[in-house]
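As structure tokens, the structure follows; a few thoughts come after it.
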Amino acid sequence: MKKLILASTALALAACNGDGDAAGGNADLPVADAPIENVEAPEGQEWSEVVTMTDAGGYLMGNPDAPIKLVEYGSMTCGACARFDAEGTEPLVNDYVNSGRVSFEYRNYTRDVVDITASLLARCGAEGTFFPLTHAMFGAQQQWFGESIPQLQAIQGQLNAAAPAEQFKLVAETTGLKTFAAQRGLPAAKADACLADEAAASKLVAIKNVADTDYNISGTPTFLINNKVVEGANQWPGLQPILAAAVGEPAGDAAE
């Protein structure tokens, strides 16, 4: 894997989408003629507790056979992604994923070495820990990323001179992410192993390359519904009416 260089703060922040709630150009997205029926989860579980890794390298929450498949390409250092996580996760899970009608797959879109470091740690545990740790990282993004920008800039020279695994370790220590993950159940030794896993880092780079090639990603978060890019709806208020139409409900209605 080629050496990864920390992107400038300005570039990293500019790559985020803003509100983007005016949907347009979505004629190819699914619209149900009648309400799609709920699908029962496996006995003793909610669909949100069913998490699998996909062939695309993402983590899928919910019914793998759901007729409506929502994918998010998100960046762990993107403020707009953190906002979607804070405002959209609960209604998405409660009203759509747990109904069995919609699955939600998160694919890490890694823009720089900080993104890769955070993603490696989020993906380090069992499949069931990915979403809770990702959610926690988004919730504390300002602390481990925003407040660490001066320190990250100060070690730019060290990062440029280091091999990838050493870059990830240095970033994890500088941002406090290693301690953050340990406090949420990820042992330090396992975190070190994941940060040194070149194949896992290369997989993240490959996920981004496929996203850029196949979907022309221009910012994060970017959503797909049934493998079609959702245009102009990068936050929950814009995405919800599109999902409602896909499952055959009026916009604003919650699942029963």
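None of the values given here were measured: they were computed from a predicted structure.
No side-chain heavy atom of Asp212 sits under 4.5 Å from any side-chain heavy atom of Asn216. Residues Lys169 and Thr117 are not in side-chain contact: their nearest non-hydrogen atoms beyond the backbone lie 4.5 Å or more apart. With a 4.5 Å cut-off on side-chain heavy atoms, Tyr96 and Val247 count as touching. Val51 places a side-chain heavy atom less than 4.5 Å from the side chain of Phe131.
Gln235 places a side-chain N or O within donor-acceptor distance of the main-chain N or O of Phe84, the cut-off being under 3.5 Å. A donor-acceptor contact shorter than 3.5 Å links the side chain of Arg184 to the backbone of Phe180. Although no hydrogens or angles enter the test, the distance criterion places no donor-acceptor pair under 3.5 Å between the side chain of Thr110 and the main chain of Asp112. Using modelled atom types, no side-chain atom of Asn26 and backbone atom of Leu29 make a donor-acceptor pair closer than 3.5 Å. Thr222 contributes a side-chain N or O that, together with a main-chain N or O of Gly219, makes up a donor-acceptor pair within less than 3.5 Å.
The same ILVMFWY cluster, assembled from side-chain heavy atoms under 4.5 Å apart, contains both Val97 and Ile242. Transitive grouping of hydrophobic side chains (ILVMFWY, heavy atoms separated by less than 4.5 Å) brings Val205 and Tyr106 into a common cluster. Linking ILVMFWY residues whenever their side-chain heavy atoms come closer than 4.5 Å, directly or via other members, leaves Val210 and Leu204 in distinct clusters. No continuous path of hydrophobic side-chain contacts links Leu239 to Val31 [ILVMFWY only; heavy atoms under 4.5 Å].
Applying the disulfide bond (SG atoms under 2.5 Å apart) test to every pair with at least one member in residues 89-192, sequence neighbours left out, gives these pairs: Cys124-Cys194. Screening residues 61-75 for side-chain hydrogen bond (donor to acceptor under 3.5 Å, both in side chains) gives Tyr73-Arg107, Ser75-Thr77, Ser75-Arg111, Ser75-Asp115 as the qualifying pairs, with residues at least two apart or on separate chains. Sorted pairs that involve residues 29-74 and meet disulfide bond (SG atoms under 2.5 Å apart), not counting sequence neighbours, are lacking altogether. A ring-ring contact (aromatic ring centres under 6.0 Å, His included) check over residues 27-49, counting only residues at least two apart or in different chains, returns nothing. For the side-chain hydrogen bond (donor to acceptor under 3.5 Å, both in side chains) condition, the pairs that include at least one residue of residues 128-138, sequence neighbours left out, are Asp85-His135.
The line from CD1 of Ile116 to NZ of Lys208 is 9.5 Å long, rounded to the nearest 0.5 Å. To the nearest 0.5 angstrom, Leu92 atom CG is 9.5 Å from Asn98 atom CG. Note: Met76 CE to Leu121 CG = 9.0 Å, rounded to the nearest 0.5 Å. Taking CG of Leu170 as the start and CG of Leu195 as the end, the distance is 11.0 Å to the nearest 0.5 Å. With rounding to the nearest 0.5 Å, the separation of CG in Asp95 from CD in Glu90 is 9.0 Å. Residue Ile217 holds its CD1 atom at 12.0 Å from CG of Asn209, rounded to the nearest 0.5 Å.
Residues passing the side-chain hydrogen bond (donor to acceptor under 3.5 Å, both in side chains) test with Thr179: none are found, sequence neighbours excluded. For Pro67, the side chain to side chain contact (heavy atoms under 4.5 Å, CB included) criterion is met by Ile36, not counting sequence neighbours. Remark: Asp192 engages Lys178 in a side-chain hydrogen bond (donor to acceptor under 3.5 Å, both in side chains) (not counting sequence neighbours). Under the rule for a side-chain hydrogen bond (donor to acceptor under 3.5 Å, both in side chains), the partners of Arg123 that lie at least two apart in sequence or sit in another chain are Asn108. Among residues two or more places apart in sequence or in another chain, the side chain to side chain contact (heavy atoms under 4.5 Å, CB included) test is passed with Glu87 by Arg83. Residues passing the side chain to side chain contact (heavy atoms under 4.5 Å, CB included) test with Ala82 are Phe138, Gln141, sequence neighbours excluded. Taking Tyr109 as the reference, nothing meets the ring pair (Phe, Tyr, Trp, His ring centres under 6.0 Å) condition, with sequence neighbours excluded.
Around atom CD of Glu147, more than 12 heavy atoms belonging to other residues, nucleotides or ligands sit under 6.0 Å away.
Nearest heavy atoms, Gly185 versus Pro187: O-CD, 3.2 Å. Heavy atoms only, all atoms of each residue included: Ala196 and Ala165 are closest at CA-CB, 3.9 Å. For the residue pair Ala66 and Gly100, the shortest heavy atom distance occurs at CB-O, 3.6 Å. The two residues Gly128 and Pro132 come nearest to each other via the heavy atoms O-CD, 3.4 Å. Contact detail for Pro221 and Asn234: the closest heavy-atom pair is CG-O, 3.3 Å. Smallest separation of non-hydrogen atoms from Gly139 and Gln143: O-OE1, 4.2 Å.
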Take Asn227 and Leu224 through the test side-chain contact (heavy atoms from CB on, under 4.5 Å) and record every step on the way to the result. CA-CA 5 Å; Asn227 211 38; Leu224 316 177; 4.2 Å; yes
Walk me through whether Asp197 and Leu120 qualify under side-chain contact (heavy atoms from CB on, under 4.5 Å). CA-CA 9 Å; Asp197 189 341; Leu120 286 172; 5.5 Å; no
Intermediate values then yes/no, side-chain contact (heavy atoms from CB on, under 4.5 Å), Leu243 and Trp236: CA-CA 10 Å; Leu243 280 178; Trp236 183 246; 3.8 Å; yes
Worked check of side-chain contact (heavy atoms from CB on, under 4.5 Å) between Phe223 and Leu70: CA-CA 7 Å; Phe223 296 98; Leu70 175 68; 4.0 Å; yes
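Look at Lys203 and Glu198 and you find no salt bridge, because none of the NZ, NE, NH1 or NH2 atoms lies under 4.0 Å from a carboxylate O.
Taking the six-membered ring for Trp and the full ring otherwise, Tyr59 and Phe130 have centroids separated by under 6.0 Å.
Thr174 and Gln151 form no side-chain donor-acceptor contact under 3.5 Å, judged by distance and modelled atom types alone.
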